[in-house]
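The next block holds one structure in the form of structure tokens; read it before the comments.
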Amino acid sequence: MNAAATEPLIGVINAGSSSLKFSFYEGERRILTGQVDGIGTRPSASATGTNDEAIAPPDLGTKPPVVPSEALVPLAPLHEPHNLAPIKMAMTLNPELPQVACFDTAFHRTAPEVEQAFALPYSFYEEGIRRYGFHGLSYEYIASVLPERTPEIANGRVVVAHLGNGCSACAMQNRVSMATTMGFTALDGLPMGTRSGALDAGVVLHLIQQKGMSGEQLVDLLYRRSGMLGLSGISSDFRQLLASDNPRASFAVDVFCYRVAGHIASLAAALGGLDGVVFTAGVGENAAPVRRAICRACSWLGLELDEAANREHKERISTPDSRVGAYVIKTDENLMIARHARALVES
């Protein structure tokens, strides 16, 4: 706690599969923010202060090693070790410092049981093998700003597409999660930077029985060598794929957009209709060609894209007469984490 501050000083570390974001907040005011991006491909670091002045990044060579895995690591092997590492390090530096862990699955606990259940023996469901969903902090933030930013759809039937290196989509009604594309782990649903997304379980059985692949090899294949990287053979980074004239790069992006549009339609069915689509996260916020392809594929749902607004990255990218509105809203998972931490610290 800063003695001169009127609000709690809260530090946020948000570790993902290809980036590590950090922020410091005094109440709702962000006083420092930054990230290490491109982990595993082309790492780079950046940070800014209160007035958006650039701050020189630290030497990446001094970054601490990943700590040994814990019980929850098998649910999200690309995320959990990185989430545990700063927790363990902070405990060694200051054992008395209060730490708050915010779970990406919590937002989806409002989904009905029929959405959460796999068609396996019910005993597995009782044991906890069910669809949990992820990216909940991102969706919770978007839900919190919809009344102010898009009041015309805020309490309606909305699909939010969180498209980054990790990708998922969430069906909301009255700003509450009703269905999502990720399931038991962060591997299900949409194809991603290096993850396969939804996959016929028979393919996994074939790889085990006919190819003799081990569990470790399957983890490496499905989490690290599939998705955009696997399809293109070039990169997991959409910026590189969109800039490439290699046919396989175009094919990977086409597959991605086709799958996203299909899942949006499925989520619309879960909602019984659709009033709006919101794009967020790195790809959703910045890749106009990706948004264009997805919106065009969703035109039959009543979504009419405003091509100029999309190219210019406007907040609303659908035409005024479009029955289904399409929007681009920048997410802020770090602020959501800070809000949860402050609520607990002040309680």
Side-chain angles (χ1 to χ4, degrees), residues 12 14 16-23 30 33-39 41-42 44 46-48 52 104 107 134-146 148-150 153-154 158-170 172 180-182 189-193 227-228 235-243 252-253 256-257 259-261 263-264 267 276-298 303 305-318 324-337:
V12 174
N14 182 8
S17 57
S18 68
S19 65
L20 187 147
K21 301 174 184 177
F22 55 89
S23 300
R30 185 188 287 115
T33 188
Q35 69 179 42
V36 180
D37 200 9
I39 296 173
T41 54
R42 297 179 301 168
S44 62
S46 62
T48 57
D52 292 330
D104 248 357
F107 183 71
F134 296 86
H135 293 141
L137 292 162
S138 176
Y139 295 129
E140 187 178 10
Y141 174 79
I142 297 297
S144 75
V145 301
L146 285 179
E148 176 187 354
R149 306 281 288 277
T150 60
I153 64 164
V158 178
V159 171
V160 181
H162 177 106
L163 308 180
N165 186 64
C167 302
S168 68
C170 175
M172 297 183 193
T180 188
T181 56
M182 281 183 172
L190 308 180
M192 308 172 217
M228 298 300 97
S235 175
S236 62
D237 192 319
F238 277 84
R239 291 166 294 190
Q240 289 183 254
L241 297 178
L242 290 169
V253 174
F256 177 79
C257 296
R259 297 295 178 195
V260 173
H263 278 279
I264 289 174
L267 293 172
V277 175
V278 176
F279 294 93
T280 193
V283 176
E285 295 165 16
N286 299 297
V290 170
R291 294 195 304 259
R292 181 180 67 241
I294 293 170
C295 288
R296 285 178 172 176
C298 291
L303 197 166
L305 180 69
D306 183 326
E307 299 280 357
N310 182 54
R311 285 194 304 271
E312 296 166 10
H313 301 286
K314 300 289 188 182
E315 182 169 84
R316 178 173 178 131
I317 59 172
S318 55
V324 173
Y327 306 84
V328 181
I329 299 178
K330 183 177 176 60
T331 193
D332 197 337
E333 296 161 296
N334 286 9
L335 178 58
M336 212 66 243
I337 294 170

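Shown here for A287 and L242, the closest heavy-atom pair between the two residues is CB-CD1, 4.0 Å. Counting all heavy atoms, side chain and backbone alike, R30 lies closest to T33 at CD-CB, 3.2 Å. Between Q240 and S235 the shortest heavy-atom distance is OE1-OG, 3.0 Å. Across L267 and A169, no two heavy atoms sit closer than the pair CD1-CB, 3.5 Å. Of all heavy-atom pairs spanning M172 and A143, the tightest one is SD-CB, 4.0 Å.
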V277 vs I294, side chain to side chain contact (heavy atoms under 4.5 Å, CB included): CA-CA, chis, key distance, verdict: CA-CA 10 Å; V277 175; I294 293 170; over 6 Å; no

Working for side chain to side chain contact (heavy atoms under 4.5 Å, CB included), residues T331 and E285: CA-CA 9 Å; T331 193; E285 295 165 16; 3.8 Å; yes

Side chain to side chain contact (heavy atoms under 4.5 Å, CB included) between C257 and V290, worked out: CA-CA 7 Å; C257 296; V290 170; 4.0 Å; yes

Worked verdict on T280 versus K330 for side chain to side chain contact (heavy atoms under 4.5 Å, CB included): CA-CA 6 Å; T280 193; K330 183 177 176 60; 5.6 Å; no

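In this structure, the separation between CD on E140 and CZ on F107 is 6.5 Å, given to the nearest 0.5 Å. Once rounded to the nearest 0.5 Å, the distance linking CG of L305 with SG of C295 reads 5.0 Å. Once rounded to the nearest 0.5 Å, the distance linking CZ of R149 with OG of S144 reads 9.5 Å. The distance from atom CZ of R296 to atom CG of L303, rounded to the nearest 0.5 Å, is 12.0 Å. Separating the OH atom in Y139 from the OG1 atom in T180 is a distance of 5.0 Å, to the nearest 0.5 Å. For the atom pair CD1 (I142) and CG (D332), the distance works out to 9.0 Å, reported to the nearest 0.5 Å.
Judged purely by atom type and a 3.5 angstrom limit, N310 has no side-chain atom pairing as donor or acceptor with the backbone of I317.
Using a 4.5 Å heavy-atom cutoff, the side chains of V145 and I329 are in contact.
Applying the side-chain contact (heavy atoms from CB on, under 4.5 Å) criterion to R259, with sequence neighbours excluded, gives P191, V255. Scanning for ring-ring contact (aromatic ring centres under 6.0 Å, His included) contacts around F256 gives F238, with sequence neighbours left out. Not counting sequence neighbours, R292 has no partner by the side-chain hydrogen bond (donor to acceptor under 3.5 Å, both in side chains) test. Residues satisfying the salt bridge (Lys or Arg N to Asp or Glu O under 4.0 Å) criterion with R311, sequence neighbours excluded, are absent altogether. By the side-chain contact (heavy atoms from CB on, under 4.5 Å) test, A161 is found to be paired with L163, F279, residues two or more places apart in sequence or in another chain being considered. Partners of N334 according to the side-chain hydrogen bond (donor to acceptor under 3.5 Å, both in side chains) rule, which considers only residues two or more places apart in sequence or in another chain, are N14, S23. In terms of the side-chain contact (heavy atoms from CB on, under 4.5 Å) criterion, residue partners of A297 (sequence neighbours excluded) are, by chain and number, A261. The side-chain contact (heavy atoms from CB on, under 4.5 Å) test applied to F22 returns L20, A47, not counting sequence neighbours. Every residue two or more places apart in sequence or in another chain that forms a side-chain hydrogen bond (donor to acceptor under 3.5 Å, both in side chains) with S318 is listed here: R316. Every residue was checked against the side-chain hydrogen bond (donor to acceptor under 3.5 Å, both in side chains) condition with D306, not counting sequence neighbours, and none meets it. Residues satisfying the salt bridge (Lys or Arg N to Asp or Glu O under 4.0 Å) test with E312, not counting sequence neighbours, are K314.
Across D237, L241, N165, a single residue satisfies side chain to side chain contact (heavy atoms under 4.5 Å, CB included) together with M228, and that is L241.
Between H135 and H162, the angle of the ring planes stays under 30°, which puts this pair in the parallel group of the 30/60° scheme.
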